[in-house]
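Everything on this sheet refers to the single structure shown next.
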2 protein chains.
Amino acid sequence: MAVTIRDVARRAHVSVATVSRALTSPELVRPETRTRVLAAATELGYQPNRAARGLITGKTGNIGIVVPDLDNPFFTGVLKAVQARAMQADYAVFVADSDEDPVAEAKLVHAMAKQVDGVVLCAPGLEDSQVYEVAGATSLVLLNRRLPGVPAALMDSAGGMHAVIDHLVALGHHRVAYLNGPRTSWSNQERRRGLMKAVAKHGVDLVDLGPFAPRYEGGLQAADLAVAADTTAIVAYNDIMALGVLARLRDRGISVPGDVSVTGFDDLTYASLCSPALTTVAMPVAQAGRTAVNLLLDWLDSDHTDVPQIVAETQLIVRGTTTPPKR
Amino acid sequence: MAVTIRDVARRAHVSVATVSRALTSPELVRPETRTRVLAAATELGYQPNRAARGLITGKTGNIGIVVPDLDNPFFTGVLKAVQARAMQADYAVFVADSDEDPVAEAKLVHAMAKQVDGVVLCAPGLEDSQVYEVAGATSLVLLNRRLPGVPAALMDSAGGMHAVIDHLVALGHHRVAYLNGPRTSWSNQERRRGLMKAVAKHGVDLVDLGPFAPRYEGGLQAADLAVAADTTAIVAYNDIMALGVLARLRDRGISVPGDVSVTGFDDLTYASLCSPALTTVAMPVAQAGRTAVNLLLDWLDSDHTDVPQIVAETQLIVRGTTTPPKR
DNA sequence: TTGAAAGCGCTAACAC
DNA sequence: GTGTTAGCGCTTTCAA
């Protein structure tokens, strides 16, 4: 068995209470005692049992994150930042992958609830009411989704999408296809909102396609529909779909950007490695991940009068898949 | 506060002990009692507190996984499978990212040790002695690394690299550059082992370059060196480096595969989306991830006489970046 | 088959 | 400033 607080107490010739205090509230013990306890703890290699501590304090020192797909670099980008920031704050992190299934998303939060102080939730597919329901089980911070009363780390997708249309219009495009991600996804709604606003402003002719699975395969499928609609530019819901579109167009001998311009969204690392490199919108995932953890930690000892929702800026990255149309 | 075992006991008109038994050792209670308890538990939405249970059983119901880089799809591929398999077995999973730092890798395992029943360790940079040292802290399964006495989920990288050379030789290449990953990495050693064997067998002229950082930037840097060495084929340690090589060659106006053939390793999804698509070796990451969890779970209730090390097969994927050399 | 009670490792009153 | 003690939610003897 591992070394317990009792072993340390014995070794330092004090009571277990003093050891506990020396470790968690140093100001409550005499400096010399504290030193002695700390020395004993170090010699023994003592590590407090967090589960036992949690049982009594009600805090676990853990946070959770649930994401729809760990194969999607967008979410692992968030995850990486979340885990880094959490570790810095001395929290450990549980991950769960819902496999894009809303039912699983809710279930996973509930399952985690007992073991964490709060969770960062990336659940684009969950209904609002469901989100409120799971919010009852544990403290929640939403990532990339805004809901009244729930803290959130957001990214300005609408603004990014507006910039995409501004860019295409500037190049001379008038007829544009938008490849929808999942209809109910907050992310898709936001992107579409920015799109519609820009489209209306510029009087662009919009062909609204989909919804498609926000995956490579979805792009493969969407490409043919977009081509049939005879547009000069294809705006994909995200990079992965755009990559699928690019692959399909290449297979069909349709040149990008010669015959058609294509844009993605997210700025995944690998999207810049295609030839031509993808024009896309950079999402500040790392920043949002860090922010989410900060919000969560703040939320845990706040009176909840103020519900922070922080928006990080997106940025259009113009690369090789967009040029003026031929006709 | 959440609903406890006491609430259930009260509701079912039994003692807490009976509730506990009904939930964990059904055969010890009368069927009717059991039914009554289960009903009460369901009505109340009771979920046992795992921390409290762990305190007494010594098992946490959690496993950990530590990886060098959550931005690397290779590791998130493993992670996804690990988490899926763990959830299936009713385990929750902790993740930690060491940021490629061996010191952090060891520290993270120690930090996790108290909260998990075991950990899946992806630590290419850790020294053997360090691995044994952390193995003292908790049950370990190594991923993609073989060490006597420690269970491991392996992939036949050496075989995959041998197949790469066989392929290049068959195309007519005689002078090949190998771009090393980190020298001390087990993975690089394995790949190099397969390479050396094949090179010796075929009498290929090998230019051994590096080590380089196993990242996109490493490939950027390596490309120029490989070109200067005047080889007809470049074998990269992994796909990410190969992607860097491709980008750099494109920038320099060197055609692939016209002027030089390039191969990667790992078969990341996005490696198939470059133009031309990358010839590479598929690593069975999902399979290895699942296997790792299975091994860990088995290990937990085994007598440790048998140390399983399971090797999954790799597969050469020939795509567009390899052709016969011009000269 | 069930209940009473001890106790896992720890923190938080409450005494001193 | 420090020790004693109760008890967090649960499982597991030990009796009945």
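Both backbone and side-chain heavy atoms feed into the values below; hydrogens, waters and symmetry mates do not. Convention: sequence-line order gives letters A, B, ...; per-chain numbering from 1.
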Sorted by position of nearest nucleotide on DNA chain D, 5' first, the leading residue of B:Ala51 and A:Pro31 is A:Pro31
So, is B:Arg30 close to the C:dT2 phosphate, meaning a side-chain N or O under 4.0 Å from OP1 or OP2?
yes
Walking DNA chain D from its 5' end, the first of A:Leu55 and A:Ala17 to be reached, judged by nearest nucleotide, is A:Ala17
Next on the checklist: Is the phosphate of C:dG9 approached by A:Arg53 (side-chain N or O, under 4.0 Å from OP1 or OP2)?
Outcome noted: no
note: B:Lys59, atom NZ; D:dG9, atom P; distance rounded to Å ~ 24 Å
In whole angstroms, the gap separating C1' of C:dC14 from CZ of A:Arg21 amounts to 11 Å
Nearest-nucleotide check on DNA chain C, B:Glu27 vs B:Ile56; residue mapping nearer the 5' end is B:Glu27
From CG of B:Leu28 across to P of D:dA16 the rounded distance in Å is 20 Å
Original post:
Within the structure, does a side-chain N or O atom of A:Thr18 lie under 4.0 Å from either OP1 or OP2 of D:dG3?
Top reply: yes
When rounded to whole Å, the CZ to P distance for the pair A:Arg10 and D:dG3 reads 14 Å
Note: for A:Tyr46 and B:His13 on DNA chain C, the residue whose nearest nucleotide lies more 5' is B:His13
### Task
State whether a side-chain donor-acceptor pair under 3.5 Å links B:Arg85 with B:Gln88.
yes
Here the distance between atom P of C:dC8 and atom CD of B:Gln115, to the nearest Å, is 20 Å
Which of B:Val131, B:Val116, B:Leu121 passes side chain to side chain contact (heavy atoms under 4.5 Å, CB included) with B:Val109? It is B:Leu121
- Task: Considering just the side-chain nitrogens and oxygens of A:Ser20, establish if one lies under 4.0 Å of OP1 or OP2 belonging to C:dT11.
- Result: yes
note: A:Lys114, atom NZ; D:dG9, atom P; distance rounded to Å ~ 11 Å
TODO: May I ask you to verify whether the side chain of B:Arg50 and the base of D:dG9 hold a donor-acceptor pair under 3.5 Å?
DONE: no
Handout entry: B:Ser15 side chain near C:dG3 phosphate (N/O to OP1/OP2, under 4.0 Å)
Key = yes
Just wondering, more than 12 heavy atoms not from A:Glu43 lying within 6.0 Å of its CD?
yes
Review point. Where do A:Arg50 and A:Asp90 land on the salt bridge (charged side-chain N to carboxylate O under 4.0 Å, His left out) test, with the steps shown first?
Key: CA-CA 12 Å; A:Arg50 293 187 133 183; A:Asp90 206 31; 3.6 Å; yes
Rounded to whole Å, CG of A:Asn49 lies from P of D:dC8 at a distance of 18 Å
Rounded to whole Å, CZ of A:Arg6 lies from P of D:dT4 at a distance of 12 Å
Taken in chain and number order and not counting sequence neighbours, the residues that satisfy side chain to side chain contact (heavy atoms under 4.5 Å, CB included) with A:Asp298 are none
Worksheet item: Between D:dT2 and A:Thr33, is there an OP1 or OP2 to side-chain N/O distance shorter than 4.0 Å?
Response: yes
Practice problem: Give a yes or no on whether a donor-acceptor pair under 3.5 Å exists between the nucleobase atoms of D:dG1, that is its base, and the side chain of A:Arg34. | Solution: no
